[in-house]
Amino acid sequence: MLLDVQRLEKQSRAFAVRLKELEEQAWTLAGEEFNLGSPKQLQAILFGKLGLPVLAKTPKGQPSTAESVLQELAADYELPRILLEHRSLAKLKSTYTDKLPKQVNPRTGRVHTSYHQAVTATGRLSSSDPNLQNIPVRTEEGRRIRQAFIAPPGHRLMAADYSQIELRIMAHLSGDEGLLAAFGAGEDIHRATAAEVFGVPPVEVTSDMRRSAKAINFGLIYGMTAFGLARQLDVDRTTAQQYIDRYFARYPGVKAFMARAREQAREQGYVETVFGRRLYIQDIKSANAARRQYAERTAINAPMQGTAADIIKRAMIEVDAWIQAEKQPVTMIMQVHDELVFEVAAEAVDSVRARIGAIMTAAAELRVPLEVDIGVGDNWDEAH
DNA sequence: AGGTTAAGCGCG
DNA sequence: AAAGCGCGCTTAACCT
């Protein structure tokens, strides 16, 4: 992958300026100079000197300064707000804008990740040295880093990602009528879920209701409980439990699918992807309830994540076969779990886009259609 | 000096 | 008692 190193270095300098400002502000509020990155010093100031409440502990029993904790404290105190911005910018600078330029191969002028085929429990690839599967995208600051991933002269970057592939797989595996119908009709799935859970027509779904439904949908994929959903949505547990109950009442097939996944893991020791690949589940019979419940969540999630991994691998094989057979001016340069990134000769963009979309969409025949979003740009951010 | 662990956080 | 799945990387803190 080609990088605009100058752009990254310029961004690094901009981050450094802002980080220095934030550090000064933090020192003023703390009444002393300290290393913002030092957990020990930070704990002493926040929970000792300033007397802020300890809202959570780390697994080792230390007062936690995790983002979620600082978010809560930020409502009442200024220092946590400073720390949050400092944390996020320090992460972007140290991990990306400082490091990536150093990882450019002098022979090719590019960064070359290593993909690992046999690391993850679910069949996904992993990426390292550098990891190109966790390049920032969620914040504006982060997207500036993504903008440094560029196409060579005469080429464009094309990013093709599966839309809601795990939820579609859940629809397929569960056979739930409501979910199948929603995807079959091409509905906005989070809006459809919101309409069901909140009992209003789809057109009356508010952005807040849709946001909650999205959290419910994602939470289900991970086996989340009412406790976790309550924390995520900032509602009480009773309310969160009502959402979940209503969801399962409207989509009973999903409830049954999850029960089946637990049973199958317990009886056979494994669950399967749509294509029959087995995912062995440790601890499913553990006497320790926490470990067992963790195993149950894994048993629910693994078929979905694993099937998605199978599907994109099938797509990669098919796309590669097409590129080779037709000698297309395209290079498949990255995979990010549900997304493939290509360098495409500028003049071939339209035809390649259509063909890659068709191949990816046809990589599996499920009970719901697969949908692929494709974007094109001069950099990776634009291609989204 | 160099390795490991804990905490935290970037992504899907 | 825990409470949301799957990864890899960085820094601090601790260890040999």
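A, B, ... follow the sequence lines: proteins, then strands. Residue 1 opens every chain.
Listed candidates were B/dG12, C/dA3, C/dC7. Nearest to the side chain of A/V336 is B/dG12. Relative to the side chain of A/R124, the nucleotides C/dA12, C/dG8, B/dG12 differ in distance, and B/dG12 lies closest. Closest to the A/Q305 side chain, of the nucleotides C/dG8, B/dG8, C/dG6, is C/dG6. With B/dA6, C/dG6, C/dT10 as the candidates, the nucleotide lying closest to the side chain of A/K99 is C/dT10. Here C/dA1 is the nucleotide among C/dA12, B/dC11, C/dA1 with the atom lying nearest to any side-chain atom of A/A289. For A/S128, the side-chain atoms get nearest to C/dG8 when compared with the rest of C/dG8, C/dA13, C/dG6. Closest approach to the A/Y222 side chain among B/dG10, B/dG12, C/dC7 is made by B/dG12 (side chain taken as heavy atoms from C-beta onward). The A/N131 side chain lies nearest to B/dG10 when the options are C/dT10, B/dA7, B/dG10. Comparing atom distances between the A/K91 side chain and each of C/dG6, C/dC9, C/dT11 picks out C/dC9 as nearest. The listed nucleotides are C/dT10, B/dG10, B/dC9; the one nearest the side chain of A/T95 is C/dT10.
Counted by atom type alone, A/S127 and A/Q133 present zero donor-acceptor pairs between their side chains at under 3.5 Å.
Here, B/dC9 and C/dA1 have their P atoms 27 Å apart, quoted to the whole Å.
Counting any heavy atom pair closer than 4.0 Å across all strands shown, A/N288 reaches no nucleic acid atom. Residue-level contact check: A/R297 touches the backbone only, with heavy atoms under 4.0 Å from sugar-phosphate atoms and none from bases.
Residue A/Y294 places at least one side-chain N or O closer than 4.0 Å to OP1 or OP2 of C/dG6. Between A/R138 and B/dG10 there is no side-chain N or O to OP1 or OP2 distance below 4.0 Å. Proximity of A/T298 to the phosphate of C/dG6: a side-chain N or O atom is located under 4.0 Å from OP1 or OP2.
Counting to the nearest Å, the C1' atom of C/dC9 and the CD1 atom of A/I145 are 13 Å from each other. One interatomic measurement links the two molecules: CZ of A/R231 to P of C/dA2, which rounds to 13 Å at whole-angstrom precision.
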Practice problem: Evaluate the side-chain contact (heavy atoms from CB on, under 4.5 Å) criterion for residues A/I311 and A/I165: first the C-alpha distance (whole Å), next the side-chain angles of each, then the deciding distance (0.1 Å), finally the verdict. | Solution: CA-CA 9 Å; A/I311 289 173; A/I165 190 164; 4.1 Å; yes
Self-check item: Pair A/M209-A/T206, side-chain contact (heavy atoms from CB on, under 4.5 Å): steps then yes or no
Solution: CA-CA 5 Å; A/M209 289 161 69; A/T206 64; 3.1 Å; yes
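Within the shown strands, B/dC9 is the pairing partner of C/dG8 under the Watson-Crick or G-U definition, both distances less than 3.5 Å.
Within the 4.5 Å cutoff, side-chain heavy atoms of A/L46 are placed close to those of A/L79.
Annotation for A/K40: atom NZ does not count as buried by contact number, only 12 or fewer foreign heavy atoms lying within 6.0 Å.
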